[in-house]
Structures are given as C-alpha cells and as structure tokens.
A.B. asks: 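The structure follows.
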Amino acid sequence: MTNLFRKYPVCMHALIFTCMLVYDEIVLRFLTTGGEWMPWIVFAGFFSLGYGALAAFLTSLLPPKAGKAVRLILVIITSVLFLVNYFVYRQFKVFYDLVTMVVGAADALGQFQGNVWQMILSFQGIAAILLYTLPPLAYAAYISVFDQNQKSKISQKAVIAVVTAVSLACTILGIRQNANYAPIYTTEYNYQNAITNFGLMTAMRLDTLKHALPSESADFEPSETEEPETPPEPTPTPEIVYPKNVMNIDFNAKAAAGGKLAKLDNYCASQTPSSQNEYTGMFKGKNLILMTCEAFTLEVIDPVLTPTLYRLLTKGMHFTDYYQPASAGTTGGEYEVVFGAMPTAGGNSFKNMAGKNNYMTMGSQLNRLGYNGWAFHNNSYTFYSRHKTHKCLGYSNGFMAYGNGMEKYIKKTWPESDLEMLQATFPMYADSIPFNVYYMTVSGHNGYSRGSNAMTKKNWDRVADLPYSDIVKGYIACNLELEDAMTYLITSLEEKGIANDTVIVMSADHFPYGLDDQGGNLQNLSELYGFQVSNLLERDHNALIMWSGCLEDEEPIVVDTPVSSIDILPTLSNLFGTEYDSRLFIGRDVFSDQQPLVFNMNYDWKTDLGTYVNGKFTANEHVTVPEGYVDSIKALVRNKITFCEMYNQTDFFGHLFGQ
C-alpha cells in the first residue's frame, strides 16, 4: 500500500474519495428513502468516481502540504453535507434544496432548538453522526501514515483528468439516452427526485447550476394545445353562454414590447381562459375567513370527535379528491394557498414576493372592493420572515402574530393555542363588515408527545382511548385545539347573526410529516391514514373545507374531480365574483370548464383520466385515454412549473398592473 501511494498518489486519492462518496450515498439512502438500489447504485457510483477523480485532480495542482489539508477539509465538508440532508429528511420527510435549507436554518435553530437537539441526540441521530464521522476519521488516519506530501507526475494527473471527464460524460450521456431518467435530469429536474435517482452529490450539483442560471433562461415548451381535450360526452346544448374570465390585458402587445417578461406575456396569451359558470358570484359581498392549518389532514375529521370540522366538511362544498402538495414545509404550503402557485424557489418562494405587486391574492382582490382585512398567526411574527411577507398580501389592517401584538392575548406555550387566537381576534373584525381575514394556525405542529406539545397534553384525555399508537393519538389531540377554535368561531358567527354571510375556507400547509422519525414506509402516517402510503400523491391527500352558513340547508355541492391547493385562489375568485383573468392562474376554478389537474414539484400528476406517479401512468377504470394524452399532460405540467418559477423570480403583476 505504501509503495502504491508513493508511486501513484493522485490515483490513490481518487480511489479513496470515490469509495468514501459511495459509502456516504449508500448510508443516506439506507437511512432515508430506501427503495430499489438499481440502477441508482450505478448512477451514484459512476458519478462518485467522477467527483472523486475531480477532487483528486484539482488538489494535486496545489502544493503538496496545501493539497493534503484541502483534501481533508473536503472530506469533512462532504460528511457534514450528507449529515445535514439526513436530518432535514428525518424532520420533514422530504429533501429540501440548498436554498431552503440555508433559509430555514436560522429559524429552525432559533424557534425549534429543543426539537432539533432532541432529534440529534436520539439513538437514530447519534447513529447517523457516527456513520458520517467514520470517513473523516478514517481518511485522517490514512493520510497521517501514507500521505507524505508526495508529488504526482503529470502523466498521472492527466490520467485522472481523463477518468473525471470520461466517467461524468458517460454517466450523463447514459442518463440522457434513457427515456425514464432523462427528464429527471433535465426538463423535470427536482432536488428530491435527483437524490432518489442519482445521489446527493449530483442533486447538489444540479441545484447549484439551477440557482446560478437566471430565471429568464427558462422557457416554455411549444404545444398545439395547452389543455389536452378529453373524449367528449354527449350533453345537451347549453342554454346559457357564460362570458370568459378575462381582464382587459393585451398580452400580445406587452410581449411585443420585449423585455425579460415577454415569455410570460406570450405564455398567458396562449392560454384558453375559463368561462364563468352557475357558481360565479355565489359568495359576492360575503365575509371571507381563509385558514392555512398547520399539519392538518382529512383523517383528523370525525363526526363524534370533531363534530364542528365534520359539519364544515360535509355541510358546504364537499371535495372528495383533494391534495396539498408538500415541497417546502409550512411556508411552501402557505405559498400555494395564498398565491395559487407552486413554491419553485423552495423556502425562498414566499420571501421572494415581499415588496411586489401581489395583485391576485384574496387580500388584494377584496381590498380593492372595500373589504376590511387582517392577517393573523399565533407563533413568532418574524418566523419565515412573515413580518415582511405578510404585510404585502393586501390585508388593509396588516399582520399580527406573537411579538407584534398577539402576545397580549395568548399564552406563550409550544405550540400556541388556536382557540386562544380565535377568541382574541374575532372581536377585532366581527363588526367590520365586510371582513376578509387570513389565519395561519400552529396548534397542530409536531412533536406530538405530551412532554413536548402543550396542545397534546391539554387534550390528551379526549384521545386516550382511541385505537392508535401514542404518537398518532398525540397528533389528533393537538388538532382538537383547532376543532375547539372552529367551534368557538362558528358559535360566535351564529350569535352575531352573520354565519350566512361568512365563508370559511380551510386547507393544510402540508401532511403531518412529524408523525414519523424516519422516512421509508411512513409507518405512523400510514396508521393514521388507514392504508400503507406508497407514493407522494397518497401522502399528500388532504381535506379542503369551503363552508358558509347559507349552504347548511342545501344539498352538499360535491366536487369529485382532482383538486389541489393551487385551485383555491381561482375558485374563490370565481365564487366571490371578483374581476380576475384566469390565464394568470396555473390552477383552475373547480366549477369551470377547465380540465382537472393536480401535480407536485416531483412532476407526478393526476387528472380525471388517470394518475402519473414515478414515471408510470395508470388510467382510471372505464375511461378512454386519447393518443398522446400522457405526453401532453407532462408538457403541460412542465410549462406550469416553468411559469411558477418565472413568476416567483419577477414582479409579473407589477409589469401588468403597475407598481
């Protein structure tokens, strides 16, 4: 070994780096997603060879002592990066991109320090730390014995340079030639998918390149029709011809003027606007209470345990196939509900909208109609920079949370009480008709033990006899605080005589990822759901509540087509009869003539004809799928995500409507 190192130092470093990278990748996959190992191990292995050879080559260009120090530092940094990604996945059950991790680090360490340390010092956390400490320790011991600052010959450096180029080029070429993996690497890139299919190092490389390129470099794919037509069903000729949901915007003229937003103008011009319908203006002039509920899910709702939530779910508009895609934690889910778009910039998505013209939020739309607006949260007002972002949502009376007013009304616990927040804030707006209120709740936040969650402890007696494990019972217990909050709210609205004139809309920010310590089969989440969760769409199914007292005595309005969080904003715009342009939304008014489409940032999707998950389309029973349908929907999803990316990185509405 000593002779080999002395003769071929750069070659030995390349081999050692490669072996350590493969080890790191295998440990991460084993501790998180698991799954099939082929062809992942092939891609990860050859990429690791390329990265290992590249590191060895570049450090060989340095003076021997400096190269030795840099190599050790690289090994340490690599282990830390893998360890951080492990802990992120363990906490959120998804891999967060680099920007989201950096943005959320300060908030997590400040607000959830106890939870973070509890996770790190757990058995699994300590085991992961030990596993990722081995490579730096082993490498430090190795170079102390064998690396005597030997210089590498130019011929050896040349060989390693060739190995770097060949291994990376051949692996990339092989991926690009594979119909299943080429989109994941290129047009359908997603940090989560890249790690799952190619390994962490490649995902980080692709993510770095993505953020290094300006958003205007993205482009839309040409297609003959943006909304693939489904087989027509025989229907009588409609007696009413509804007008289109469009505004007086000349997208073609704006595009002709050029500039970096011309692509967005052209895209909107190419869209087919939706038509108004029998539900247009149903809630015109009514009050609106819009809520994003922390870690809420359909399975919390029970006719006996949560009678108010059950009433709201079944006595209004009943959505039987609703999804809340989880891609950037709470702030990502909030972004979907508030802006009707996917959080393509991860944890930065909401922050990117601060200071822009957010013309189409419900806060802005109803503010233009003279509504009195408020936004509330019962946790820290600076968390996720809400003190900056939530001032820009159009709510005329601003944003209040713990630290800028809410602390006067609620007790400081972890998490804080949704009931106390509703009790404190309802009197602020109850007499300010018409009102437009937004809530971000927190009582459902993890962890779910009686020792760490004040809401779980408070409501434990109400769930103690349920046939679930303690952690699932703890989750349900803390959500009973939301049940109590809604009971108070409905009772108060009825006592004021304004329940019939008020609309309540509730959605989650994400699935309850805090139920499981590890990834893999999501055992506790599956226990709550009552079936084994096998893909992201199953994981992200949820409940959407749209209720008004005026619907109580009517037959429920059932929406049985696929619906997701990005559909809330256009649907509410239609129901409240506001002036909006449907071409500006990537979601749809669910009562319109637009095709149902649910999708996530992993490019999985679902329509009324079938489901596309992990690269495989499964048609629904008794439907006819038109030729080319799957490719058309895939292109449609890619274009919608491209729109979301460009919209988030620009002030598009400022461009359309002025600053």
Side-chain angles (χ1 to χ4, degrees), residues 225-230 232-233 235-252 267-288 290 316-319 322 337-341 359-371 394 434 436 500-505 544 546-548 550-551 554-598 607-608 636 640 643 653 656-657:
T225 173
E226 282 296 332
E227 297 285 351
E229 295 182 359
T230 57
E233 296 181 1
T235 56
T237 303
E239 297 179 1
I240 303 175
V241 178
Y242 290 103
K244 298 293 185 180
N245 282 309
V246 295
M247 299 173 70
N248 186 25
I249 306 173
D250 191 341
F251 289 111
N252 289 318
Y267 175 78
C268 291
S270 72
Q271 301 303 292
T272 302
S274 66
S275 298
Q276 295 180 12
N277 48 72
E278 61 180 305
Y279 297 100
T280 300
M282 170 183 278
F283 296 150
K284 192 174 185 64
K286 293 186 183 297
N287 308 306
L288 173 62
L290 174 62
M317 295 178 175
H318 192 193
F319 300 86
Y322 177 73
V337 172
V338 172
F339 292 101
Y359 194 84
M360 284 298 175
T361 65
M362 288 309 297
S364 294
Q365 290 193 63
L366 296 183
N367 184 55
R368 289 194 293 274
L369 297 177
Y371 276 64
N436 176 30
N500 286 358
D501 295 317
T502 301
V503 178
I504 294 175
V505 180
L544 173 62
M546 284 192 184
W547 176 92
S548 176
C550 66
L551 302 176
E554 306 293 332
E555 285 294 318
I557 300 171
V558 178
V559 179
D560 56 7
T561 55
V563 177
S564 78
S565 50
I566 61 173
D567 298 326
I568 294 174
L569 183 55
T571 300
L572 287 179
S573 300
N574 177 67
L575 290 169
F576 276 81
T578 63
E579 183 187 21
Y580 74 100
D581 196 313
S582 58
R583 296 171 295 177
L584 295 172
F585 293 130
I586 62 160
R588 67 179 179 112
D589 162 26
V590 300
F591 301 110
S592 72
D593 49 2
Q594 289 184 316
Q595 175 180 336
L597 174 62
V598 167
T607 68
D608 51 351
L636 178 61
K640 286 180 180 290
F643 176 88
F653 288 165
L656 296 178
F657 305 110

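In this chain, residues are counted from 1 in sequence order.
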A.B. asks: If I take atom OH from residue Y322 and atom CG from residue L544, how far apart are they, to the nearest 0.5 angstrom?
C.D. replies: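 CG of L544 is found 5.0 Å from OH of Y322.
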
A.B. asks: Would a distance-only check, ignoring hydrogens and angles, find a side-chain to backbone donor-acceptor pair under 3.5 Å from T571 to V590?
C.D. replies: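 The answer is yes, because a donor-acceptor pair under 3.5 Å joins these two groups.
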
A.B. asks: According to side-chain hydrogen bond (donor to acceptor under 3.5 Å, both in side chains), who are the partners of T502, at least two apart in sequence or on a separate chain?
C.D. replies: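 Per chain and number, T502 pairs via side-chain hydrogen bond (donor to acceptor under 3.5 Å, both in side chains) with N287.
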
A.B. asks: How would you list all residue pairs meeting salt bridge (Lys or Arg N to Asp or Glu O under 4.0 Å) that involve residues 271-288, not counting sequence neighbours?
C.D. replies: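 Residue pairs passing salt bridge (Lys or Arg N to Asp or Glu O under 4.0 Å), neighbours aside: K286-D501.
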
A.B. asks: Does some side-chain heavy atom of L369 sit less than 4.5 Å from a side-chain heavy atom of F576?
C.D. replies: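 Not in contact.
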
A.B. asks: Rounded to the nearest 0.5 Å, what separation is found between the CE atom of M247 and the CE atom of M360?
C.D. replies: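 If I round to the nearest 0.5 Å, the distance is 4.5 Å.
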
A.B. asks: With salt bridge (Lys or Arg N to Asp or Glu O under 4.0 Å) as the rule and sequence neighbours excluded, what pairs involving residues 570-591 come up?
C.D. replies: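 Sorted pair list: D581-R583.
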
A.B. asks: So, N436 side chain and M362 main chain: donor-acceptor pair closer than 3.5 Å or not?
C.D. replies: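 Yes, N436 side chain to M362 backbone: donor-acceptor pair under 3.5 Å.
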
A.B. asks: With side-chain contact (heavy atoms from CB on, under 4.5 Å) as the criterion, how do F591 and M317 come out once you've worked through the C-alpha distance, each side chain's angles and the decisive distance to 0.1 Å?
C.D. replies: CA-CA 11 Å; F591 301 110; M317 295 178 175; 3.7 Å; yes

A.B. asks: Taking side-chain hydrogen bond (donor to acceptor under 3.5 Å, both in side chains) as the test, write out the residues that go with Y371, two or more places apart.
C.D. replies: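 Y371: no side-chain hydrogen bond (donor to acceptor under 3.5 Å, both in side chains) contacts found.
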
A.B. asks: Using the side-chain hydrogen bond (donor to acceptor under 3.5 Å, both in side chains) criterion, which residues pair with Y580? Sequence neighbours excluded.
C.D. replies: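 Partners of Y580 by the side-chain hydrogen bond (donor to acceptor under 3.5 Å, both in side chains) criterion, ordered by chain and then number, come out as N245.
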
A.B. asks: Please list, chain by chain and in numerical order, all residues satisfying side chain to side chain contact (heavy atoms under 4.5 Å, CB included) with D250, sequence neighbours excluded.
C.D. replies: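 For D250 the side chain to side chain contact (heavy atoms under 4.5 Å, CB included) partners, ignoring immediate neighbours, are N252, A253.
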
A.B. asks: Taking only residues two or more places apart in sequence, or in another chain, which ones meet F251 in a ring pair (Phe, Tyr, Trp, His ring centres under 6.0 Å)?
C.D. replies: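 With neighbours one apart ignored, the set is empty.
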
A.B. asks: Taking all non-hydrogen atoms of both residues into account, name the closest pair between I586 and G340 and its distance.
C.D. replies: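 That closest heavy-atom pairing would be CG1-O, 3.6 Å.
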
A.B. asks: Taking only residues two or more places apart in sequence or in another chain, which ones pass side-chain hydrogen bond (donor to acceptor under 3.5 Å, both in side chains) with Q365?
C.D. replies: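 Here the qualifying residues are S573, T578.
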
A.B. asks: Locate the shortest heavy-atom distance separating S275 from K244; write the atom from each residue and the value.
C.D. replies: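 Heavy atoms only, the tightest pair is OG-NZ, 3.1 Å.
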
A.B. asks: Counting C-beta onward and ignoring hydrogens, is there a side-chain heavy-atom pair between F643 and Q271 closer than 4.5 Å?
C.D. replies: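 No, every pair of side-chain atoms sits at 4.5 Å or beyond.
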
A.B. asks: Taking side chain as C-beta onward, heavy atoms only, is I557 less than 4.5 Å from M282?
C.D. replies: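 Of all side-chain heavy-atom pairs linking M282 with I557, at least one is under 4.5 Å.
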
A.B. asks: Quick one: pull up CG in N574 and CG in D567 and give me the separation to the nearest 0.5 Å.
C.D. replies: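 Rounded to the nearest 0.5 Å, the CG-CG separation comes to 12.0 Å.
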
A.B. asks: Hey, what's the ring geometry for F653 with Y359, parallel, tilted or perpendicular (30° and 60° as the breaks)?
C.D. replies: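 Answer is perpendicular, since the angle exceeds 60°.
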
A.B. asks: Identify the two heavy atoms, one from P273 and one from V246, that lie closest to each other, and give their separation to 0.1 Å.
C.D. replies: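 Closest pair (atom of P273, atom of V246, distance): CB-CG1, 3.4 Å.
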
A.B. asks: Starting at CZ of F585, measure out to CD1 of I568 and round the result to the nearest 0.5 Å.
C.D. replies: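 The CD1 atom of I568 is 12.5 Å from CZ of F585, to the nearest 0.5 Å.
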
A.B. asks: Locate the shortest heavy-atom distance separating S582 from S274; write the atom from each residue and the value.
C.D. replies: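 Taking S582 first and S274 second, the nearest heavy atoms are OG-N, 2.9 Å.
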
A.B. asks: Would you compute the distance between atom OG1 of T607 and atom CD of Q595 and round it to the nearest 0.5 angstrom?
C.D. replies: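 These two atoms lie 5.5 Å from each other.
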
A.B. asks: Nearest 0.5 Å, please: how far is CG in D593 from CD in Q276?
C.D. replies: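 Result: 11.0 Å between the selected atoms.
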
A.B. asks: Without swapping roles, check the side chain of T361 against the backbone of S364 for a donor-acceptor pair under 3.5 Å.
C.D. replies: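 Here the side-chain-to-backbone pair exists.
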
